[in-house]
Amino acid sequence: MSRKKIVAGNWKMNQNLFEGKQLVTDILKRTAALELPENLEVVIAPPFTQLELAATQLKEVPGHFLAAQNCHQEASGAYTGEVSAGMLKSVGVAYVILGHSERRQYFGEDEALLSKKTDAALSQGLKVIFCVGEPLEIRDAGTQNDLVRRQIEGALFHLDAGQFGNIVIAYEPVWAIGTGRTATAAQAQDMHAYIRSLIAARYGTEVADLTPILYGGSAKPSNAPELFACPDVDGGLIGGASLNADDFEGIIKAAF
Ligand code: 13P
């Protein structure tokens with residue numbers, strides 16, 4: 001079995017229902033004209049308000065899956081404004097993004113909470129795209145590996161090997177998100193190889209070899225080919241460029 005490649009578009013808080021419907025239509029038009037490799041998944045992560053409609057658009061389109069950008073850690077209850085993993089599953093969501101740096105920064109999400117959210121998502125049969133990555137001051141201090149190790153150990157390493165098979169890691173250096181400043185291919189490869197070595201030490205090489213590790217942070221059609229050519233980079237988690245169907249298509253093609 002070879003590991004999957006994934007190109008995922010994280011729309012963040014962008015697109016109303018009508019814009020989002022059109023964007024999914026535009027993306028599907030482009031990907032229909034491509035012959036997607038069998039091991040490549042295209043994942044779209046729109047806002048909650050778009051999920052049900054997008055699910056109907058993506059239904060039965062091979063190789064295309066829907067992701068949510070967050071979920072609550074509890075199954076149900078008095079948590080005004082929140083959405084549970086089971087609710088996401090019920091509308092046809094396959095993945096949930098957890099641990100995004102924007103959730104960590106603006107909503108105070110830490111490893112203890114993210115470990116509960118991960119459990120909630122997996123218990124409902126969702127797969128998790130788990131984001132890790134260091135801010136600039138940590139990169140400048142050269143301690144990025146320690147931080148990423150703590151992020152992964154703290155939120156994920158309580159899982160058993162079977163559960164870990166439903167985890168995708170996304171390395172998103174905070175200094176590269178929305179800044180136009182991409183990690184170099186060497187920086188991405190170094191971190192991805194390090195992450196894979198952590199997984200191998202905890203779960204064995206077979207699990208590590210099958211875990212997709214995505215790069216995120218100012219990825220675009222011009223830099224994606226070099227990043228995706230790295231042996232431990234298995235695709236991307238794309239922000240800004242995923243809102244433009246031509247750019248998203250260009251990045252998908254770079255993952256062939
Ligand atoms: P950008 O591609 O806009 O830098 O965002 C990356 C990201 O945060 C994806 O989750």
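Every number for a ligand or one of its atoms is a count from 1 in the order of the listing. Here the structure is a predicted model, which means the values were calculated and not measured.
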What ring-ring contact (aromatic ring centres under 6.0 Å, His included) pairs are there with at least one residue in residues 20-75, not counting sequence neighbours?
H72-Y79
Strictly under 6.0 Å, is that where the ring centroids of F157 and Y203 end up?
yes
Do I97 and V233 land in one hydrophobic cluster if side-chain heavy atoms of ILVMFWY residues count as linked below 4.5 Å?
no
Go through the steps to decide whether L122 and L126 satisfy the test side-chain contact (heavy atoms from CB on, under 4.5 Å), and finish with yes or no.
CA-CA 5 Å; L122 295 179; L126 296 177; over 6 Å; no
Please tabulate, one line per pair, the protein N or O atoms found under 3.5 Å from any N or O atom of ligand 1, giving the distance to one decimal.
{"from": "ligand 1", "atom 1": "2 (O)", "to": "G239", "atom 2": "N", "distance (Å)": "2.9"}
{"from": "ligand 1", "atom 1": "3 (O)", "to": "G240", "atom 2": "N", "distance (Å)": "2.8"}
{"from": "ligand 1", "atom 1": "4 (O)", "to": "G178", "atom 2": "N", "distance (Å)": "2.7"}
{"from": "ligand 1", "atom 1": "4 (O)", "to": "S218", "atom 2": "N", "distance (Å)": "2.7"}
{"from": "ligand 1", "atom 1": "5 (O)", "to": "K12", "atom 2": "NZ", "distance (Å)": "3.3"}
{"from": "ligand 1", "atom 1": "8 (O)", "to": "K12", "atom 2": "NZ", "distance (Å)": "2.8"}
{"from": "ligand 1", "atom 1": "8 (O)", "to": "H100", "atom 2": "NE2", "distance (Å)": "2.8"}
{"from": "ligand 1", "atom 1": "8 (O)", "to": "E172", "atom 2": "OE1", "distance (Å)": "3.4"}
{"from": "ligand 1", "atom 1": "10 (O)", "to": "N10", "atom 2": "ND2", "distance (Å)": "3.0"}
{"from": "ligand 1", "atom 1": "10 (O)", "to": "H100", "atom 2": "NE2", "distance (Å)": "2.9"}
{"from": "ligand 1", "atom 1": "10 (O)", "to": "E172", "atom 2": "OE1", "distance (Å)": "3.2"}
{"from": "ligand 1", "atom 1": "10 (O)", "to": "E172", "atom 2": "OE2", "distance (Å)": "2.9"}

With the 4.5 Å side-chain cut-off for hydrophobic clustering, are L113 and L147 part of the same group?
no
Taken to the nearest 0.5 Å, the spacing of F130 CZ from N166 CG works out to 15.0 Å
